[in-house]
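Below: the structure, in structure tokens.
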Amino acid sequence: MMAGFPRAGVALLLSCALLMSAVPAFWVATASAATKKKAPARKPAPKKKPPRKKPAPKKKRVVGLDLPPLPPGRTCYRVGSEVPEPPLIKSAEIQVPEKARGSALKSVLLVYEVTIDKSGRISEVKTLGAPPKESPWPELHDAAIEALKQYKYAKTIVRGAAAAVCLIVSLNIDLRSEAK
């Protein structure tokens, strides 16, 4: 044995030496692991939702009551007394002739009875009252009828099927000169 060191002291010294040699390797491994940047935890990519399909626009329809069939000689149901008025889907601008503008009249009210067919288009236009024969009235009526032929109404359903309806339409036409 070693001189001057008791037996327990030698064992303590040897165990300290062994610990000292093992400790730096442990601390180095721990310290290097702590200083390394951990890669951020990846969040799973959000699941792509399929694009929402826009619902098809509902076709406008007016559903009438369970009305009896039309009597002989009539071709359409009357709006107001028999069926509700169908909503106007598409209108058109009246092309007023220039010679009708700038006169003493500022506006004109024209009234027509129209027949709306099963598809919602105006199929027949009747002038209510006798139209004046002097200018610009014939041109105004022609322009108004041309615009009315482009109108589109919602279908009217009576007893489960599309039906023709008769409607009175009034058009207020502005005859003032256009500002340029």
Side-chain angles (χ1 to χ4, degrees), residues 41-180:
R42 286 189 177 182
K43 293 181 180 178
K47 294 180 181 177
K48 291 185 179 179
K49 295 179 181 177
R52 286 187 179 181
K53 292 183 180 178
K54 292 182 181 178
K58 292 183 178 178
K59 292 185 178 180
K60 292 186 176 182
R61 305 187 305 177
V62 175
V63 179
L65 301 174
D66 190 17
L67 298 172
L70 286 170
R74 281 197 38 209
T75 59
C76 59
Y77 289 97
R78 301 250 177 242
V79 168
S81 60
E82 297 173 325
V83 293
E85 182 176 340
L88 180 65
I89 296 173
K90 179 186 167 209
S91 65
E93 188 175 333
I94 299 171
Q95 302 298 324
V96 179
E98 279 302 315
K99 64 181 177 178
R101 292 190 182 277
S103 66
L105 294 173
K106 295 194 188 314
S107 67
V108 174
L109 181 67
L110 301 175
V111 182
Y112 299 98
E113 182 179 16
V114 298
T115 302
I116 302 169
D117 65 10
K118 294 178 181 182
S119 68
R121 299 264 179 211
I122 294 180
S123 61
E124 186 180 343
V125 180
K126 294 178 189 173
T127 304
L128 294 182
K133 304 263 188 243
E134 67 271 357
S135 186
W137 293 103
E139 294 85 8
L140 283 175
H141 281 289
D142 292 342
I145 290 171
E146 187 66 34
L148 282 173
K149 292 281 187 172
Q150 298 174 25
Y151 278 33
K152 171 92 171 135
Y153 285 89
K155 291 180 183 178
T156 301
I157 307 297
V158 176
R159 299 174 62 197
V165 295
C166 296
L167 172 69
I168 294 180
V169 176
S170 58
L171 303 172
N172 191 6
I173 303 171
D174 185 13
L175 295 178
R176 292 177 285 183
S177 298
E178 290 184 42
K180 293 183 182 180

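This structure is a prediction, so every number in the text was calculated from the model and none was measured. All values below were derived from every heavy atom in this structure, side-chain atoms included, with hydrogens, water molecules and symmetry-related copies excluded.
If you take NZ on K99 and CG on L140, they are separated by 10.0 Å, rounding to the nearest 0.5 Å. The structure places CD1 of I168 at 13.5 Å from OH of Y112, a figure rounded to the nearest 0.5 Å. K155 NZ to I116 CD1: the interatomic distance, rounded to the nearest 0.5 Å, is 13.5 Å. Distance check, rounded to the nearest 0.5 Å: CD of E139 to CD of E98 gives 12.5 Å.
Taking all atoms of both residues into account, the shortest heavy-atom contact from S91 to L88 is CB-CD2, 3.8 Å. Taking both residues in full, the closest heavy atoms of L148 and I122 are given as O-CD1, 3.3 Å, listed atom of the first, atom of the second, then distance. Contact between P86 and A154 at its shortest, heavy atoms only, is CB-O, 3.5 Å. The two residues A143 and Q95 come nearest to each other via the heavy atoms CB-O, 3.3 Å. Summarising the geometry of W137 relative to V108, their closest heavy-atom pair is CZ3-CG1, 3.1 Å, with the distance given to 0.1 Å. In terms of heavy atoms, V96 sits closest to D174 at CG2-O, 4.4 Å.
Residues L175 and S107 are not in side-chain contact: their nearest non-hydrogen atoms beyond the backbone lie 4.5 Å or more apart.
Applying the disulfide bond (SG atoms under 2.5 Å apart) definition to pairs two or more places apart or across chains, none involves residues 99-160.
No option in I94, V114, V125 other than V125 meets the side-chain contact (heavy atoms from CB on, under 4.5 Å) test with I145. The only option from L167, V165, V79, I89 that meets the side-chain contact (heavy atoms from CB on, under 4.5 Å) definition with Y153 turns out to be L167.
Atom NZ of K118 has 12 or fewer heavy atoms from other residues, nucleotides or ligands within 6.0 Å. Within 6.0 Å of NZ on K149 lie more than 12 heavy atoms contributed by other residues, nucleotides or ligands.
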If you look only at distance, which donor and acceptor atoms sit under 3.5 Å apart when one is on a side chain in residues 71-78 and the other is two or more places apart or in another chain?
from, atom 1, to, atom 2, distance (Å)
R74, NH1, E82, OE2, 3.2
R74, NH2, C76, O, 3.0
R74, NH2, E82, OE1, 2.7
R74, NH2, E82, OE2, 3.1
Y77, OH, P68, O, 3.0
R78, NH1, E113, OE2, 2.9

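Using a distance-only test at 3.5 Å, with no hydrogens or angles considered, no donor-acceptor pair links the side chain of T115 to the main chain of S123.
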